Amino acid sequence: RYQAAKTKEYQALATLNWLQSKYTQTEIDERNTNLALAEAQLSDAQETLDKLYADGQKPRVIHNDLHQWNVKVYHGQIFALDFEDLAWGYPVQDIATTLYYFQGLAQRQELVEAYKQGYSKHAEWPEEYPGQIEALIAGRGVMLVDYLVASNEPEDQAEAPAFVAREEERLRRFLDE
């Protein structure tokens with residue numbers, strides 16, 4: 001617990017340092033007013049995860065980063081790549097990660113439906129209640145913001161302001177639904 005608390009403390013400090021290096025104090029103050037937005041989403045995502053772990057189903061190994069860039073088709077067969085984020089979890093979490101990357105696409109609804117139909121040919125669709133996947137999708141967005149903001153990589157730092165603004169708008173839409 002101590003290590004987890006220290007990690008969170010470090011992440012908060014890294015986020016603050018990043019904000020101070022990229023924005024004026026006025027801009028930081030404006031962003032801080034939106035902090036409640038991220039906190040509300042984190043609360044929803046945590047509640048969704050708590051329900052998953054409380055219902056008695058045993059977690060299993062999941063890919064935990066399953067999206068179109070980590071899947072390849074070879075001779076008509078689909079292969080998953082990049083297993084560095086393997087974790088104990090639930091299939092609905094992998095689905096949310098995949099669907100996160102469908103956001104903003106004009107054909108999103110058709111892709112989601114096709115994905116659901118294909119998935120359902122092999123296993124039962126794991127969404128237990130309406131909004132469960134959407135909460136996990138929004139939680140992934142918050143996680144990616146945290147990653148970019150804390151990163152020391154120049155490409156991540158260059159991408160962070162636009163990404164944070166995009167995720168902020170997505171979270172607003174999610175919380176308004």
Side-chain angles (χ1 to χ4, degrees), residues 34-151 155-156 158-177:
N34 296 324
L35 186 56
L37 179 72
E39 288 173 344
Q41 178 44 47
L42 286 174
S43 176
D44 285 353
Q46 186 61 54
E47 182 180 327
T48 299
L49 291 172
D50 291 345
K51 285 179 184 176
L52 277 172
Y53 283 89
D55 76 0
Q57 293 182 42
K58 291 185 178 182
R60 62 175 97 176
V61 174
I62 60 170
H63 188 278
N64 207 34
D65 195 24
L66 195 58
H67 50 72
Q68 63 266 36
W69 300 284
N70 283 340
V71 177
K72 300 296 177 203
V73 177
Y74 180 74
H75 293 289
Q77 290 191 310
I78 298 173
F79 295 90
L81 308 170
D82 185 10
F83 293 92
E84 71 183 63
D85 293 329
L86 284 177
W88 286 102
Y90 296 92
V92 71
Q93 291 172 267
D94 269 340
I95 289 171
T97 297
T98 301
L99 299 184
Y100 170 85
Y101 295 96
F102 290 4
Q103 296 180 104
L105 298 177
Q107 67 277 32
R108 180 183 192 272
Q109 200 53 45
E110 293 86 2
L111 288 169
V112 169
E113 193 54 41
Y115 185 86
K116 185 175 181 177
Q117 286 177 2
Y119 187 98
S120 297
K121 289 179 181 178
H122 303 281
E124 184 178 338
W125 188 248
E127 186 173 28
E128 295 175 1
Y129 55 88
Q132 181 184 35
I133 289 175
E134 292 301 320
L136 294 170
I137 289 171
R140 177 152 182 96
V142 172
M143 183 274 304
L144 290 172
V145 164
D146 184 59
Y147 169 79
L148 280 176
V149 168
S151 175
E155 322 73 72
D156 292 343
E159 184 182 344
F163 187 83
V164 169
R166 226 177 14 256
E167 284 306 309
E168 188 175 301
E169 182 56 35
R170 286 177 180 167
L171 288 176
R172 285 184 192 288
R173 283 194 309 270
F174 170 76
L175 292 171
D176 287 343
E177 292 177 359

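Note that the structure is a prediction, hence the values are computed from the model and not measured.
Electrostatic pairing of Glu169 and Arg166 does not count as a salt bridge here, judged by no charged N lying under 4.0 Å from a carboxylate O. The residues Arg140 and Asp65 are annotated as salt-bridged, a charged nitrogen and a carboxylate oxygen being separated by less than 4.0 angstrom.
Considering only heavy atoms from C-beta on, Leu111 stays 4.5 Å or farther from Arg108 through its side chain. Counting heavy atoms from C-beta outward, Leu144 and Glu167 have side chains that stay 4.5 Å or more apart. Counting heavy atoms from C-beta outward, His63 and Phe83 have side chains that approach closer than 4.5 Å.
Residue Gln107 places its CD atom among more than 12 non-hydrogen atoms of other residues, nucleotides or ligands, all under 6.0 Å distant. For Tyr53, the OH atom sits in a packed shell: over 12 heavy atoms of surrounding residues, nucleotides or ligands are nearer than 6.0 Å. Around atom CD of Gln109, no more than 12 heavy atoms belonging to other residues, nucleotides or ligands sit under 6.0 Å away. At most 12 non-hydrogen atoms from other residues, nucleotides or ligands lie less than 6.0 angstrom from OH of Tyr74.
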(request) For Phe163 and Val145, run side chain to side chain contact (heavy atoms under 4.5 Å, CB included): C-alpha distance rounded to whole Å, both residues' side-chain angles, the deciding distance at 0.1 Å, then the answer. (result) CA-CA 7 Å; Phe163 187 83; Val145 164; 3.8 Å; yes

(request) I would like to know whether Phe79 and Val71 meet side chain to side chain contact (heavy atoms under 4.5 Å, CB included); could you show each step before the answer? (result) CA-CA 6 Å; Phe79 295 90; Val71 177; over 6 Å; no

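The heavy-atom pair separating Tyr90 from Gln57 by the smallest distance is OH-O, 2.8 Å. Glu127 approaches Val92 most closely through the heavy-atom pair CA-CG2, 4.3 Å. The heavy-atom pair separating His67 from Tyr101 by the smallest distance is CB-CD1, 3.4 Å. Between Asp55 and Leu52 the shortest heavy-atom distance is OD1-O, 3.0 Å. Taking each heavy atom of Gln132 and Glu128 in turn, the nearest pair found is OE1-N, 2.6 Å. Residues Gln93 and Leu49 approach most closely at NE2-CD2, 3.5 Å, considering heavy atoms.
When atom types are taken as modelled, the side chain of Tyr119 and the backbone of Ile95 share no donor-acceptor pair closer than 3.5 angstrom. A distance-only check finds no donor-acceptor pair linking the side chain of Asp85 to the backbone of Asn64 [under 3.5 Å]. No donor-acceptor distance shorter than 3.5 angstrom exists from the side chain of Glu159 to the backbone of Asp156, with no hydrogens or angles considered. Without hydrogens or angle criteria, Thr98 side chain to Leu66 main chain gives a donor-acceptor distance under 3.5 Å.
With rounding to the nearest 0.5 Å, the separation of NZ in Lys116 from CD in Glu113 is 6.0 Å. If you take CG on Leu99 and CD1 on Ile137, they are separated by 5.0 Å, rounding to the nearest 0.5 Å.
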